[in-house]
6 protein chains.
Amino acid sequence: MRRAIYPGSFDPITNGHLDVAERALRLFDEVVIAVALNEAKHPLFDMEERVALVKASIPALQGHERLRISSFDRLLVDYAREQEAVAIIRGLRAVSDFEFEFQLALMNRKLNSEIETIFLMPKDNYTYLSSRIIKEIARLGGSIEGFVPESVRLALARKFGS
Amino acid sequence: MRRAIYPGSFDPITNGHLDVAERALRLFDEVVIAVALNEAKHPLFDMEERVALVKASIPALQGHERLRISSFDRLLVDYAREQEAVAIIRGLRAVSDFEFEFQLALMNRKLNSEIETIFLMPKDNYTYLSSRIIKEIARLGGSIEGFVPESVRLALARKFGS
Amino acid sequence: MRRAIYPGSFDPITNGHLDVAERALRLFDEVVIAVALNEAKHPLFDMEERVALVKASIPALQGHERLRISSFDRLLVDYAREQEAVAIIRGLRAVSDFEFEFQLALMNRKLNSEIETIFLMPKDNYTYLSSRIIKEIARLGGSIEGFVPESVRLALARKFGS
Amino acid sequence: MRRAIYPGSFDPITNGHLDVAERALRLFDEVVIAVALNEAKHPLFDMEERVALVKASIPALQGHERLRISSFDRLLVDYAREQEAVAIIRGLRAVSDFEFEFQLALMNRKLNSEIETIFLMPKDNYTYLSSRIIKEIARLGGSIEGFVPESVRLALARKFGS
Amino acid sequence: MRRAIYPGSFDPITNGHLDVAERALRLFDEVVIAVALNEAKHPLFDMEERVALVKASIPALQGHERLRISSFDRLLVDYAREQEAVAIIRGLRAVSDFEFEFQLALMNRKLNSEIETIFLMPKDNYTYLSSRIIKEIARLGGSIEGFVPESVRLALARKFGS
Amino acid sequence: MRRAIYPGSFDPITNGHLDVAERALRLFDEVVIAVALNEAKHPLFDMEERVALVKASIPALQGHERLRISSFDRLLVDYAREQEAVAIIRGLRAVSDFEFEFQLALMNRKLNSEIETIFLMPKDNYTYLSSRIIKEIARLGGSIEGFVPESVRLALARKFGS
C-alpha cells in the first residue's frame, strides 16, 4: 500500500487542485489532502472553512473513496512521516512555481530523505489558475464558474457579499 | 478606430511607463492609461495623487492628444469592454514579469475573449526600472533623475521629506 | 492604415501560428505573413512548399482578405521597413521563447527604432505546440490532427511516407 | 500492479539517471528504463551500446529486480501504452529542463490522456550532471569518477582513446 | 588593496552566507559584511541582534581577519563608495534570485558606475537555503543543524521558545 | 597577485566581451582572455583568426597592459590551474545564460574546488549582443557598427563578401 500526501493552503481549493488530486489517485493507493494552517499568510478562509470546502468538493472525483482529508500545523516532512506517506505531491504550473517548489523539495529531502516529492501537471487550461487570482476575481465581482467547485463559489460570494 | 487600454497601479508613473504609453500610441488610435485602485497593495500615493501625476507627465509624449487618463476599481476586462478597447497593453521587462503577466492575460482572455493582451518592451535602459525600486531609492535619499518625470520627483521628495 | 508583419520559418505552419495571425488581424488593418528563407536551419519543407502551405491554410481565418503572404531572405527590419510595417508580431508561448525573442526584439529596435515588436499569446491549448514537435510526432507516425491544417497534415504524411 | 516508464537517450547513463530510477522504484511496482533510438541526435554510443551500459549499471540499485530495460523507436506515448505503464518518469534539474519537459508532457497528455507524466528531482549534487557535460569532460581528458558507473567510465575512455 | 562589500539583511546569517563570504575573501583583500536595516521587511531579529549573530559566526572562516562587519541604512552604492569598495558581492542560488539581483545591479551601476556587482555561487548543497526557509523550519520545530552556525540555532530556539 | 581567466569561443569577440574584460581588469591584477578551440561548434573563424581579432581589439581597453591573450584545448579548470588563476570570469546577460553557466560552474568547482567562478554583467545595452546574432546580422548585410570592434567588422565583411 502506497500513500501520498498532497499538502497546501487550499485557500480555497480550486478545480486545479482537484485535478491534481485526481491524477495522484491514479498513481497511489491512498492520497491525503493535507490543509496547512499557514496563519502567517493571513488566509481568507479559516482552517475549519478550508477543510469543509475541500470535503464538499471531493465526492465528484474518480477514486475519491481512497482520498482522505486532514489538516496540520507542523513541519510537512514530520507530518508526512507520521502519515506513513512515501510521497509528497505538488502541482507545477509555471517556472516561478518550479523554482520555489524545487528549493522546498530539496530542503524536505534533507530533513527526511525517505519521502519523495513528485511533481504533477494540472490540466493545461488550469495553468493560469491560482487561489490568489480566484479570490481577486471574486472580490471584484467577476465570474469564477468553471474555476472552482460550486461550494467554493458560494463561499466566496458570501465572503465578498455579492 | 482602435482603442487600447494600458492598466497599472502607477504608484508612481515612471519614464518606463511613459515609454510604453508612447509606443502604444504609435500602434493604436487611442490609448487609455487606466490607474487601478489596488488598495490591497497599500500604495504610497492615493488614487487622486497617482492620477494627477500621470496627468502632469503626459504632455511631453508624442501623440499625447490621443491619450486619455482614467481610473477604475473593478475587473480589468469589464472595464476594458466598457471602454470599447480592443487591446490591453502590458510592458514586459523580465522573465518574472512575463510569467505573472502571462497567467493574468490567459485568465483575462478566459473572462473576455474579445480583448487581446499585447506585450510591449520598454526602452532597454528602462529594464531595471520599477515603481518599487524608485520609491526605495527616493526613500534612501538617492537621485532618481532620469527615471521619473519632474513632477514625480518632486512628489517623492515631499513624501520622504527630503 | 497600419500594417504589421508576422515573420517566421513556418516549417510548417501550425494552428498556433494561424491563431496568432488571426489575433493580429483584429489589431491591425493589414497583416503580412513573411516566410523567412532560413536555409541554415535545414528546413524540412523548401521555401516554395512553406509558402504554399501557408496559402492553403489561411482562407479559414476571420479577416483573411486583409492578410498577405510573402517570403524574404534579408534582415527582418529592412524587410519590415520596405513593407512599411509599423509592427513586428511574435507569438510567445514560454519563458524560453520569451528570452530569445526579447533579445531579438531589442536588437531589431537598435537596427530600426521605428518598428515596434509586439508579443501576442496563442490560445492556451497551443502553448505546447511547435513546428519541431509536430514534425517529430509525424515522423514517428503519431496523429497530428487538431494541431495543423489539413493541407499540412497531408504534406507531412507525404514527407514521412505514411 | 503499477508500472512506470523512464524514457531517455541515456547516451550514456549517468549516476543522475540511476538516482532517478532508484527513486521511481520506491514509488512504483515496476519501472522500465526505455532507451530511445534518437538517431537524429547523433548519439555517441549506438543503441546496443547504450542498452548494454544501462544493463551493466543497474545491479547496484535497490529494487533493481523490479527494473526492466528496453529500447524503442516510436512515439513515447504509444510505447508506454503498449507497456501498460500508468506513468512516464522524467528527472528535473533546472528551469530550462522544466520548460521543455512541460511542453512535452502536455503534448503527450494530448496524445494519450491515460498516462501521467511525473517529475522527480535527482540528488542535489547531480543537478549539474548531464550526459552532454560528461562526454565533454571525458573528451578533454578530465576525471568523471563519481558521475558515472564504472562501466560507463571505461566505455568513454575507450571512445576517446585515453 | 581591493575591498568588497557583501550586503544583506542577514536575518539571520546562514551557512550559505558564510560560504559566500569565505569565497569572497579568496578574491579580495578585505571584505565588509554590511547588514542592511531593512525595517520595511519586518525582520525577525533587530539590527543589533543580526550584527551580533554575524560577529559570533565569522571566527570559523578562513581569512576572517580580513573580514569586517558593519551596518547601514542608506543607499547601498553610497555606502559602498564611502567604504571605498570596488565591488558588491551577491550570492546567486536560483533563477528567481538572478532576475531581481540583475535589476538591482543594473540600477546600482546607473547610480554609481565605479562599483562593480559580482555574483558568486554558494556551495551546491546550500542552494535551497534561505533565511526565510530557516525561520520557517525553526518556527515549526524542525532541525536546522548544518544550515546555520550554532549561535544562530540557539537564537532561533530562544525566539520560538523551543 | 590575483589572476583571473576569461574563457570563451570569441567567434568573434564583441564589444560585450570587451566590456566584461575591462570590468574584470578593475577587480584583478591580471586577466587572461582564453580562446577555447571548440571545434565541435564549427566556429566561423578558426583559432588563429579568433586570437588575432582579440589581439587587435584590446589596445583600447583601460588596463590592457595587464591583459594577456591565450588559447587552449583542454579542460578549462586544468588550464586555469596551470595559469595559476584564482577565478574564472563569465559574463551573464539573461536567465538562459545563467542556468547553463551555473551548471558549468558547479561542475568546474567539483573538478577543481580552488578556482572560483564569478559572474559579471556587461553594460545594459549589450544584453542583447551575442556572437551568434552578430554573425547573423553580418551575413544578411545589416550594420554591426557599435557592436564589434572595427577589425571584427572588417573580418566579417570579408567572410560574407560584402
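Letters go in sequence order (proteins before strands), and every chain restarts at 1. Heavy atoms only: backbone and side chains are in, while hydrogens, waters and symmetry mates are out. Just so we're clear, the structure is a prediction, and the values are computed from it rather than from any experiment.
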field: Closest approach of Leu120(B) to Ala24(B) (non-hydrogen atoms, all atoms of both residues)
entry: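 Smallest interatomic distance, heavy atoms only, reads CD1-N, 3.9 Å.
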task: Might you point out which heavy atoms bring Ala85(A) and Ile115(A) nearest each other, and give the distance in Å?
output: O-CG1, 3.7 Å
message: Restricting to side chain to side chain donor-acceptor pair (under 3.5 Å), what partner residues turn up for Lys123(B), sequence neighbours left out?
response: none
Under 3.5 Å, side-chain donor or acceptor atoms of residues 138-148 of chain A against the rest of the protein: list the pairs with distances, not counting sequence neighbours.
unit_1: Arg139(A); atom_1: NH2; unit_2: Glu136(A); atom_2: OE2; d: 3.2
unit_1: Ser143(A); atom_1: OG; unit_2: Glu145(A); atom_2: N; d: 3.4

Is any side-chain heavy atom of [Y] closer than 4.5 Å to one of [X]?
X         : Y        : value
Leu111(A) : Asp78(A) : no
Thr117(A) : Arg90(A) : yes
Arg23(B)  : Ile89(B) : no

field: Arg109(B) with Glu116(B): basic N within carboxylate O range, under 4.0 Å
entry: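 Between Glu116(B) and Arg109(B) there is a salt bridge, with a charged N closer than 4.0 Å to a carboxylate O.
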- prompt: Just by modelled atom types, is the Arg2(B) backbone N or O under 3.5 Å from a matching donor or acceptor in the Asp29(B) side chain?
  reply: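 Yes: the side chain of Asp29(B) pairs with the backbone of Arg2(B).
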- prompt: Residue by residue, which of residues 45-76 of chain B have a heavy atom closer than 4.5 Å to a heavy atom belonging to chain A?
  reply: Asp73(B), Arg74(B), Leu75(B)
task: Could you please state which residues from residues 8-22 of chain B sit under 4.5 angstrom from chain A, measuring non-hydrogen atom to non-hydrogen atom, sorted by number, or 'none'?
output: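 Residues of residues 8-22 of chain B touching chain A at under 4.5 Å: none.
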